[in-house]
Amino acid sequence: MGNPIDFIAERLPLDDVMDALKHKQVPVHKRTIFYYLGGICLYLLIVQVITGILLLFYYQPTEALAYESVKFIMTKVNFGWLVRSIHAWSANLLIFSLFIHLFSTFLLKAYRPPRELTWMTGMALFGICLGLGFTGYLLPWNELAYFATKIGTEMPASIPVVGDLIKEFLRGGPSVTGVTLTRFFAFHIWILPLALAGVVGIHLLLVQKLGMSRPLSQESKNNRSMPFLPHFALRDLNVWLVVLAVLLGLSYYFPAHLGNPADPLSPTPIGILPEWYFLFMFQSLKLLPAHILGIEGELVGMMFFGLAALFVLLVPFIDKKSANGLKSPLFTAIGWVMIAFVIGMTIWGRLG
Amino acid sequence: MAEMQHKSGSTDRGKKQSIKQPTKRDFLTTSLVGFSTALAGFILYPLARFLKQPPSAGGNIKRTIAAKIDEVPVDSGKIFRFGNEPGIVLRTPSGELKAFTAVCTHLSCTVQYVPEEAYILCACHNGKYDLNGQVISGPPPRPLEEFKVDVQADDIVVTRA
Amino acid sequence: MKQTILEKTRMNKSHKVRNQSLSIVCALVLFTTSATLSYAESDTEIGAHLKDNTCISCHLNEVDDDNTELTEHFLDGIHARRGIFCADCHGGDPTAEDEDDAMDESAGFVGIPEREDIPEFCAKCHADPNYIRGFNPNLPTDQFAKYKISGHGKLLFKNHDSKVAVCTSCHGVHGILPPDDPKSPVYISNIPETCSNCHSDSTYMAGRDLPTDQFDKYQHSVHGIALLENGDRGAPACTGCHGSHDARRPEPSGVANTCAQCHNFIREMFVASPHKAAFDDEDISECEVCHGNHNIQKVTDDMLAGGDESVCAECHDSDSKGWAVAQEMSAHIITLRNKIDSISHIVDSARKIGMDAEDAIYTLKEAKNELVKSRALVHTFVADDVSAVTDVGLEKVKEAGVSGQELLENFDFRKRGFLVSLSVILLLSILLTMKIRAMNGSSNVSE
């Protein structure tokens with residue numbers, strides 16, 4: 001059989017991949033820093049997969065044992081507190097990095113042809129990650145998670161015709177119960193990660209195939225770049241080390257909470273808020289009047305967010321100017337307005 | 001983030017000062033490998049410890065092994081730990097195994113079985129319960145919660161409803 | 001249904017029927033009993049079932065404007081449910097069509113009894129063991145006898161003071177419910193309010209040598225909170241200490257026995273102590289002197305030797321032996337309490353940061369157990385008895401302290417691990433930065 005490495009190399013197209021990576025160049029300019037975000041997201045995703053699998057060794061997804069098993073992980077299992085805290089913090093950092101990755105890509109117009117699909121798969125990944133955050137939040141089956149889920153699954157109910165159907169599908173019945181828990185578990189452990197793996201594969205393939213986008217604003221200034229291997233990869237690695245340090249620090253100083261076990265019969269605690277990344281939507285919907293032009297306010301809000309998401313998803317096809325290599329200040333402005341809206345609403349939601 | 005910017009900014013500076021001493025670079029590579037190995041160790045150690053069997057099997061507050069069967073002869077009781085609370089498993093004079101919470105409903109003292117008299121006593125204020133957990137006398141306002149008792153091989157297994 | 005009618009017929013036959021009209025009533029009642037519970041549902045049904053009962057047909061339809069007393073209250077009450085109808089208490093002939101015949105006093109019609117006559121009115125049946133046995137063999141028949149020796153009864157029969165409580169004051173009139181019915185005014189948790197109807201009304205109670213603040217005090221006492229707020233039906237209502245039908249002021253010697261109904265262990269300790277003889281000599285009621293009566297509060301450790309709150313200091317001078325014992329007992333208890341508090345604090349903070357504090361919490365609970373026990377033991381008034389228990393508690397606290405210490409050490413390990421791994425990561429990062437710089441020196445960024 002000879003050298004086992006050669007044996008594998010002959011049969012697997014590793015050389016092709018290595019060749020592609022060797023030829024990959026990363027543009028060097030004022031905004032190079034934003035190229036790290038994709039890597040950070042990927043890194044955090046890997047952390048999520050590893051810590052998630054570890055948690056699965058002890059977690060028990062039933063109404064009776066979910067809380068107890070998480071408590072067991074936090075108190076009895078060696079380093080269980082660390083694994084769970086990293087999983088929780090990494091999830092938050094991942095969503096945060098995704099937000100920055102998304103908005104920086106938007107503002108730098110990296111969605112320009114030929115990267116429309118990269119953009120759209122990225123949007124899909126963002127949606128999947130939000131879904132993972134939402135489903136994962138319920139799994140410890142504590143008071144906060146229970147009521148946040150109750151509020152979260154109530155939202156689609158305002159959609160006409162299918163609203164109640166969606167709500168009942170998410171909950172596995174008319175209310176949040178143990179069935180919801182096992183359902184969310186299935187989403188969190190199988191369905192969403194499987195989808196994620198597929199889409200991440202396509203996203204990465206596209207990034208490798210199409211290379212990094214050089215922003216329009218930087219195109220005229222210089223044409224400098226550095227090879228991905230090893231120059232940029234080592235920098236990536238360095239950033240990952242820093243992120244690991246941040247994760248450890250957050251987990252050590254602010255270990256994940258457990259709170260009180262969920263009690264479906266107790267009244268909703270006052271001032272219950274969804275996870276911070278849903279707060280801007282939650283706050284916007286809260287501000288809307290009960291009825292707008294005879295339509296239910298919440299429905300108008302849901303429609304607004306639906307259309308906004310659709311707009312962002314299809315922006316490569318809408319933004320004709322940047323597609324033609326022209327400056328597109330209108331879309332830059334839209335990007336900033338969206339950022340201001342999300343940040344403003346999040347702060348308002350937290351304080352109000 | 002600022003740090004990152006600094007690093008990418010340092011690219012230009014790095015270009016100017018070319019380091020050519022091979023010994024220094026060897027040292028750098030060696031220490032990189034060394035510290036990477038150390039970091040791998042720091043990651044793998046907690047991981048291995050995490051996967052190792054935890055000090056006490058659990059995550060289950062609904063069921064526990066209260067005692068070995070021969071620890072509770074006829075007309076005796078034994079206190080066992082049930083999560084954070086004590087429980088009492090006893091064998092009545094007629095040989096029946098029973099288990100209750102050992103937390104008195106009056107002021108949360110731990111109760112005990114009184115042999116021959118065949119009742120459960122809370123020594124703090126002399127609260128007495130019968131062998132069904134019902135209050136016979138004294139200040140306890142409520143009966144003791146009863147647990148389900150099963151015998152598996154030599155173990156008395158107690159289950160909370 | 002047939003069987004029940006037969007049974008009742010037999011039952012009524014076996015007890016010599018009181019008078020002729022009663023037997024007729026009984027027959028009628030038996031005829032109607034089966035539907036009694038549904039009477040209240042509709043007037044037509046009542047009419048249909050009771051069309052032959054002239055008491056009801058007249059009073060329901062013609063005489064009284066307000067029928068709720070009859071339709072809602074009486075028919076829901078225990079008497080109607082057991083087949084006791086109007087004429088069984090008030091006499092008269094419910095089969096007579098004519099008003100004068102139906103309510104012929106010479107034929108035993110009583111009508112509305114005078115308030116003073118009510119106890120005897122009820123006692124006609126309720127003091128007759130033979131009669132009551134047929135309905136409920138466990139129902140006592142000594143209420144009237146007891147009532148006569150109660151504070152209420154004495155005033156009623158000796159002073160003809162008709163303002164005092166009679167049967168109906170507490171039990172209601174027509175719709176009398178059994179005492180285990182939560183709607184009954186004499187259901188255990190309703191008793192304090194029932195008594196307070198009169199006893200908290202200063203106008204009504206004017207001219208009597210009685211306070212009117214008992215209810216206010218009681219409802220904020222340990223017993224009041226236990227019964228009224230926490231629903232502990234084992235906690236005493238007014239009747240728990242005063243009795244019900246024989247309600248009156250307890251004699252000093254009786255107070256302790258009353259408390260001992262539940263707090264028997266404390267009482268045993270007290271009786272064995274030197275205080276017993278001393279209190280008897282002075283004719284001081286035992287428990288009440290320190291703990292009060294209606295306003296009994298949760299005990300505090302300061303009641304021993306805590307300055308103004310000390311109940312021992314009421315009798316014992318600061319240089320007496322008794323005071324020394326009080327101080328000693330207090331010191332033992334407070335030492336244990338404080339140790340528990342400080343260790344609890346450590347353990348709790350460890351628990352909050354996610355450490356496994358279960359063992360320490362469990363051991364602390366055992367220590368608290370001893371603390372509760374030691375507090376009960378002050379009633380022996382022997383400092384060594386108290387310290388024997390607090391010493392066990394201190395052992396437990398020590399044990400908990402050791403596991404608390406282990407937690408903190410464990411936390412130290414966490415901290416060291418965090419700091420070391422953080423240093424490794426940062427050093428590695430610095431080295432990597434150096435490596436990157438070194439690489440930039442050899443291979444340039446392409447233009």
Side-chain angles (χ1 to χ4, degrees), chain B residues 3 6-8 10-20 24-25 27-29 31-36 38-43 45-46 54-56 58 79 81-86 102-110 121-128 135 137-143, chain C residues 222-223 226-227 230-236 259-269 298 356-359 361-362 364-366 368-377 389 417 420-445:
Chain B
E3 203 183 337
H6 168 74
K7 268 172 206 150
S8 56
S10 71
T11 315
D12 300 326
R13 257 177 288 144
K15 197 166 53 171
K16 277 161 207 156
Q17 37 159 259
S18 55
I19 304 154
K20 290 214 165 113
K24 203 167 181 178
R25 203 180 281 181
F27 169 74
L28 194 58
T29 315
S31 34
L32 263 175
V33 171
F35 274 99
S36 303
L39 181 61
F42 273 97
I43 293 171
Y45 173 72
S56 70
I79 299 291
R81 193 171 146 184
F82 205 166
N84 255 341
E85 308 260 300
V103 181
C104 179
T105 55
H106 179 226
L107 289 177
S108 304
C109 288
T110 303
L121 169 76
C122 175
C124 285
H125 296 98
N126 209 24
K128 289 177 188 169
V135 182
S137 68
R142 280 179 304 278
Chain C
V222 272
H223 297 129
L227 178 66
N230 303 340
D232 284 347
R233 282 179 293 143
C259 302
Q261 293 306 308
C262 296
H263 303 278
N264 47 353
F265 191 42
I266 310 277
R267 163 85 174 150
E268 278 167 29
M269 285 189 259
K298 202 169 164 49
D356 177 15
E358 309 249 312
D359 286 340
I361 291 173
Y362 186 80
L364 271 178
K365 271 188 187 161
E366 290 182 314
K368 281 179 197 158
N369 214 336
E370 302 303 318
L371 181 63
V372 174
K373 231 186 263 182
S374 72
R375 283 171 174 155
L377 280 169
V389 171
V420 172
S421 50
L422 195 68
S423 331
V424 168
I425 292 169
L426 292 181
L427 262 168
L428 195 59
S429 173
I430 291 167
L431 287 170
L432 204 56
T433 312
M434 285 165 69
K435 172 89 180 163
I436 291 166
R437 284 190 186 186
M439 262 181 5
N440 284 341
S442 58
S443 101
N444 287 340
V445 169

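Labels below follow one simple rule: chain letters A, B, ... track the order of the sequence lines, proteins then strands, and each chain is numbered from 1.
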- line: Value for CG (C:Leu431) from CZ (B:Phe27), rounded to nearest 0.5 Å, stands at 7.5 Å
task: Decide yes or no for C:Glu268 and B:Asn126: does some side-chain heavy atom of the first lie under 4.5 Å from some side-chain heavy atom of the second?
output: yes
- prompt: How far does CG of B:Leu28 sit from CZ of C:Arg437, to the nearest 0.5 angstrom?
  reply: 11.5 Å
query: What residue, out of B:Pro86, B:Pro46, B:Ser137, has the most heavy-atom pairs lying under 4.5 Å from chain C?
result: B:Pro86
field: Engaged part of C:Glu370 at the chain B interface, taking heavy atoms whose separation is under 4.5 Å
entry: neither
Portion of B:Ser36 that has a non-hydrogen atom of chain C nearer than 4.5 angstrom: both
message: Please report the interatomic distance NE2(B:His125) to CE(C:Met269), rounded to the nearest 0.5 Å.
response: 7.5 Å
Atom group of C:Leu377 that falls short of 4.5 Å from chain B, counting heavy atoms: neither
message: Looking at C:Arg233, I'd like to know if its CZ atom is crowded, meaning that more than 12 non-hydrogen atoms belonging to other residues, nucleotides or ligands lie closer than 6.0 Å.
response: no
Value rounded to 0.5 Å, distance of CD1 in C:Ile425 from CD1 in B:Ile43: 7.0 Å
task: Please tell me if the side chains of C:Phe265 and B:Cys124 come closer than 4.5 Å, counting only heavy atoms from C-beta onward.
output: no
Between OG on residue C:Ser423 and CZ on residue B:Phe35, distance to nearest 0.5 Å: 9.0 Å
message: Quick check on the interface: out of B:Thr110, B:Val103, B:Thr29, who has the most heavy-atom pairs with chain C under 4.5 Å?
response: B:Thr110
query: Given that the side chain runs from C-beta out, which part of C:Lys435 has a heavy atom under 4.5 Å from chain B: side chain, backbone, both or neither?
result: both
- request: Check side-chain contact (heavy atoms from CB on, under 4.5 Å) between C:His263 and all other residues, then give those that pass, not counting sequence neighbours.
  value: B:Pro139, C:His223, C:Ile266
field: Among C:Val420, C:Leu428, C:Leu432, C:Val424, residue most engaged with chain B (heavy-atom pairs, under 4.5 Å)
entry: C:Leu428
NZ on C:Lys368 to CG on B:Leu107, rounded to 0.5 Å: 13.0 Å
- prompt: Looking only at atom types and distance, does a side-chain atom of C:Asp232 sit under 3.5 Å from a main-chain N or O of B:Pro141, one as donor and one as acceptor?
  reply: no
